[in-house]
Amino acid sequence: MNQIAITSASGQLGTAIVNAAKDLVGPSNVIGLARTPSKASDLGIEIRPGDYNSPSDLEASLKGVSAVLLVSGMDAPEKRIEQHRNVINAAKRANVQKIVYTSIQGAQEGTAFSPVVASNRQTEEDVRNSGLQWVIGRNGIYIEPDIDYIDTYKKHGEIANCAGDGKCGYTTRPELGYAYARMLTESKHDGQTYNLHGDAITQQELTDYINEAFGLDLKFRSMSVDEYREDRTSELGDFLGTIIAGIYQGIREGANDNESHFTLAAGRPHQTWPVYFAGLQ
């Protein structure tokens, strides 16, 4: 078994992919890359330096690796494009054969989140033009932050945002981990771009699921994009608040209601939302 590498291994998505890959090919065949290796020391695998801003470290850490999974960075859009190119070029110099990229879904123009989506599309193009075997996943929206926010929802008695009646293809990090481990290790996925999410649901449906799981009576309140942007920026600051409003504007406008290819990627259907929420009870 050739060794596979997963970048940003200490992050929440990277950790989920590492755990799924360990189950699939065994811990000895999985290498984790992390900007701060000590933060990934509890994953039960070999950890190597993986700072996206250090091409020499990336190249050295990818030696002997047959396939690498590139977790999309968290820096500003214009910076992450170059950081991702550092990983792609290091993989080529290290004679890695395959690269898998974790991209995103969302509106490519017209929202405050669009520059982030556009930067991901540029990296997708860079991956396709790398000369390596490649697979691209476009992640749905994580549902976990809504669960983490449950105390705030309870405090206000509502879920309020600007998504309106738009459907959103949500997913979870463990489900993504399961799919990416297979995309990384199975050649049948090479050359494919997959939308990775479960059944698309509205904010009212999300509210209903949360109410049932936690025994609550939350209401969903639809806000205008401008109202929601003002609300978010007042709490989170201009940058983050504007970005979050842009994400929900994209949902409102249908940018996150796409065909899912999860079953093709994972070899099984995505976990259903009734099953997921039942597990929270």
Side-chain angles (χ1 to χ4, degrees), residues 1-52 57-74 84 87-88 90-91 94-104 123-124 127 130 132-140 142 144 171-198 261-271:
M1 172 63 68
N2 294 321
Q3 288 186 314
I4 59 176
I6 296 158
T7 69
S8 296
S10 61
Q12 290 177 299
L13 178 58
T15 295
I17 300 169
V18 165
N19 289 335
K22 285 163 55 179
D23 290 342
L24 193 62
V25 300
S28 63
N29 293 309
V30 182
I31 304 294
L33 271 61
R35 182 174 59 183
T36 307
S38 61
K39 292 184 178 180
S41 60
D42 61 347
L43 292 178
I45 59 171
E46 180 184 350
I47 303 296
R48 300 175 182 174
D51 188 333
Y52 288 178
D57 281 351
L58 291 167
E59 181 179 352
S61 294
L62 291 174
K63 291 291 186 183
V65 167
S66 61
V68 58
L69 186 133
L70 168 56
V71 175
S72 185
M74 298 297 289
H84 295 162
V87 178
I88 295 167
N95 296 315
V96 173
Q97 299 164 18
K98 176 176 175 175
I99 187 165
V100 181
Y101 175 52
T102 72
S103 190
I104 55 175
T123 295
E124 291 180 17
V127 165
S130 67
L132 306 177
Q133 293 290 345
W134 58 268
V135 193
I136 294 167
R138 291 179 174 174
N139 300 346
Y142 300 147
E144 289 97 334
T171 188
T172 70
R173 294 184 185 95
E175 288 294 270
L176 290 174
Y178 187 93
Y180 277 116
R182 280 149 184 79
M183 293 159 65
L184 191 59
T185 58
E186 297 172 353
S187 62
K188 66 182 180 180
H189 305 296
D190 294 356
Q192 299 300 312
T193 300
Y194 294 134
N195 294 329
L196 301 175
H197 59 266
H261 310 118
F262 187 89
T263 299
L264 288 173
R268 63 157 174 79
H270 193 285
Q271 184 182 39

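Worth saying up front: this structure is predicted, and the values here are computed from it rather than measured.
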Heavy-atom side-chain contact between [X] and [Y] under 4.5 Å:
| X | Y | result |
| --- | --- | --- |
| Leu196 | Met183 | yes |
| Tyr180 | Asn139 | yes |
| Pro269 | Phe262 | no |
| Val135 | Asp190 | yes |
| Ile99 | Ser130 | yes |
| Tyr178 | Thr172 | no |
| Trp134 | Thr193 | yes |
| Lys39 | Ile47 | no |

Nearest 0.5 Å, please: how far is [atom2] in [Y] from [atom1] in [X]?
| X | Y | atom1 | atom2 | answer |
| --- | --- | --- | --- | --- |
| Ile4 | Gln97 | CD1 | CD | 13.0 Å |
| Asp42 | Thr15 | CG | OG1 | 7.5 Å |
| Glu59 | Asn95 | CD | CG | 9.0 Å |

>> If we check side-chain contact (heavy atoms from CB on, under 4.5 Å) with Val30, which of these qualifies: Ile45, Asn19, Leu184, Ile17?
In response: Ile45

>> Exactly one of Ile6, Thr102, Val87 should register a side-chain contact (heavy atoms from CB on, under 4.5 Å) with Leu70. Which one does?
In response: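 Answer to the side-chain contact (heavy atoms from CB on, under 4.5 Å) test with Leu70 among Ile6, Thr102, Val87: Val87.
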
> Shortest non-hydrogen contact from Pro174 to Glu144?
Replying inline: CD-OE2, 3.5 Å

>> So which atom in Ala20 and which in Gly177 form the shortest heavy-atom distance, rounded to 0.1 Å?
In response: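 Shortest heavy-atom separation between Ala20 and Gly177 comes out as CB-O, 3.2 Å.
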
Checking the side chain of [X] only, and the main-chain atoms of [Y] only, is there a donor and an acceptor separated by less than 3.5 Å?
| X | Y | value |
| --- | --- | --- |
| Thr7 | Leu33 | no |
| Ser103 | Gly137 | no |
| His261 | Asn195 | yes |
| Gln3 | Ser28 | yes |
| His84 | Gly73 | yes |
| Lys22 | Leu43 | yes |

>> What I want to check is whether the side chains of Gln192 and His189 have a donor and an acceptor closer together than 3.5 Å.
In response: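 On atom types as modelled, these side chains do not qualify, holding no pair under 3.5 Å.
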
> With a distance cut-off below 6.0 Å to the six-membered ring centre and an angular limit of 45° from the axis, does Arg173 pair with Tyr142 as a cation-pi contact?
Replying inline: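 Yes.
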
> Are more than 12 heavy atoms from other residues, nucleotides or ligands located less than 6.0 Å from atom CD of Gln12?
Replying inline: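 Not more than 12 within 6.0 Å, no.
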
>> Taking Arg268 first and then Glu175, would you say they form a salt bridge - that is, a charged N and a carboxylate O separated by under 4.0 Å?
In response: yes

